[in-house]
Amino acid sequence: MIRARVIVASNRAAAGVYADTSGPLLVAGLRELGCQVDEPVVVPDGEPVGVALRDAVSDGVDVVLTSGGTGVTPSDRTPDVTRALLDYEIPGIAEAIRSHSRERVPTSVLSRGLAGVAGRMLVVNLPGSTGGARDGLAVLGPILGHTVDQLRGGDH
């Protein structure tokens with residue numbers, strides 16, 4: 001079983017200004033893919049995302065999907081915090097997610113989201129919208145099991 005976690009990076013949702021909608025969608029999608037996943041962890045953008053990612057590594061989680069904080073505003077820090085924790089990037093995943101969205105949502109190319117590996121954990125940054133969450137799940141669905149198998153030391 002793949003152990004997954006969803007981390008929502010949202011200053012306003014973390015402060016209780018509104019309820020996040022992308023995190024529950026990601027949890028439901030990961031469960032449909034057969035993952036074991038708890039409810040989303042909601043934190044402000046920036047270093048709290050790094051703390052949540054480090055917690056996931058020490059908890060032995062296989063996959064973390066982050067939602068939010070991937071844009072170009074000064075407060076969008078999720079990719080920067082994520083990059084500092086990655087052992088290596090997997091650029092094709094992030095490129096595929098942006099490409100999947102581009103025709104319908106031209107501004108999707110502004111996402112700075114990353115994908116990579118921290119220890120043996122796959123980390124993928126997704127935009128904070130429900131559309132971005134759906135697009136991320138559409139791209140990840142066919143490759144998630146194989147990726148986790150490889151990270152666990154599986155053969156090609």
Side-chain angles (χ1 to χ4, degrees), residues 1-71 73 75-87 89-90 93-94 96-98 100-101 104-105 108 110-152:
M1 166 120 357
I2 296 174
R3 293 184 58 217
R5 186 167 294 168
V6 174
I7 299 170
V8 175
S10 171
N11 296 334
R12 292 179 291 171
V17 174
Y18 65 79
D20 168 68
T21 55
S22 64
L25 191 150
L26 289 170
V27 167
L30 286 166
R31 287 178 180 159
E32 286 177 19
L33 293 172
C35 297
Q36 174 190 343
V37 57
D38 293 329
E39 295 307 307
V41 175
V42 181
V43 297
D45 202 356
E47 186 47 36
V49 174
V51 171
L53 286 169
R54 286 189 291 278
D55 287 347
V57 169
S58 45
D59 290 344
V61 173
D62 298 304
V63 176
V64 170
L65 303 184
T66 69
S67 174
T70 62
T73 72
S75 64
D76 288 327
R77 305 294 304 149
T78 297
D80 309 296
V81 173
T82 300
R83 181 175 279 117
L85 299 172
L86 295 179
D87 294 310
E89 291 186 36
I90 308 173
I93 294 174
I97 293 167
R98 283 186 283 273
H100 183 82
S101 307
R104 289 174 286 107
V105 184
S108 67
L110 296 176
S111 172
R112 298 183 307 119
L114 304 174
V117 175
R120 292 193 176 268
M121 180 178 78
L122 175 66
V123 180
V124 180
N125 299 150
L126 299 173
S129 66
T130 55
R134 283 187 196 95
D135 289 344
L137 289 167
V139 169
L140 291 170
I143 64 168
L144 195 60
H146 179 74
T147 305
V148 171
D149 180 62
Q150 293 293 293
L151 291 172
R152 289 176 176 168

Just checking, is any N or O donor in the side chain of [X] or [Y] under 3.5 Å from an acceptor N or O on the other one?
X    : Y    : answer
S108 : S101 : no
D45  : S75  : no
N125 : T82  : yes

What is the distance from atom [atom1] of [X] to atom [atom2] of [Y], rounded to the nearest 0.5 Å?
X    : Y    : atom1 : atom2 : result
I93  : L114 : CD1   : CG    : 11.0 Å
L33  : I2   : CG    : CD1   : 8.0 Å
R134 : L126 : CZ    : CG    : 13.0 Å
L30  : Q36  : CG    : CD    : 11.5 Å
D59  : M121 : CG    : CE    : 9.5 Å
C35  : R3   : SG    : CZ    : 11.5 Å

Pairwise side-chain contact, [X] with [Y], heavy-atom cut-off 4.5 Å (strictly under):
X    : Y    : value
L65  : L137 : yes
L53  : I7   : yes
V63  : L144 : yes
L26  : S67  : yes
V124 : V64  : no
D62  : L151 : no
V8   : V41  : no
R54  : V57  : no

Any idea which heavy atoms bring [X] and [Y] closest together, and the distance?
X    : Y    : answer
S22  : D20  : OG-OD1, 3.0 Å
L85  : G50  : CD1-O, 3.7 Å
A94  : G113 : CB-O, 3.4 Å
H100 : A138 : NE2-CB, 3.8 Å
P24  : P40  : N-CG, 3.7 Å
V123 : A118 : CG2-CB, 4.5 Å

| Quick check: are there more than 12 heavy atoms from other residues, nucleotides or ligands sitting under 6.0 Å from CG of D38? | no
**OP:** Flag yes if more than 12 heavy atoms outside R12 fall under 6.0 Å of its CZ atom; otherwise flag no.
**Re:**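 Counting other residues, nucleotides and ligands, CZ of R12 stays at 12 neighbours or fewer.
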Can you sort out the partners of A14 under side-chain contact (heavy atoms from CB on, under 4.5 Å), two or more places apart, ordered by chain and number?
->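 side-chain contact (heavy atoms from CB on, under 4.5 Å) check on A14 returns V42, P44.
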May I ask you to decide whether [X] forms a salt bridge with [Y], counting only side-chain N to carboxylate O separations under 4.0 Å?
X    : Y    : value
R83  : E89  : yes
R31  : E39  : yes
R152 : D149 : no
R5   : D55  : no

* To do: Just do the salt bridge (charged side-chain N to carboxylate O under 4.0 Å, His left out) check on D135 and R104 with the steps written out, would you?
  => CA-CA 11 Å; D135 289 344; R104 289 174 286 107; 2.9 Å; yes
inquiry  = If you apply the rule side chain to side chain contact (heavy atoms under 4.5 Å, CB included), what do you find for D76 with T70, and how did you get there?
reply    = CA-CA 6 Å; D76 288 327; T70 62; over 6 Å; no
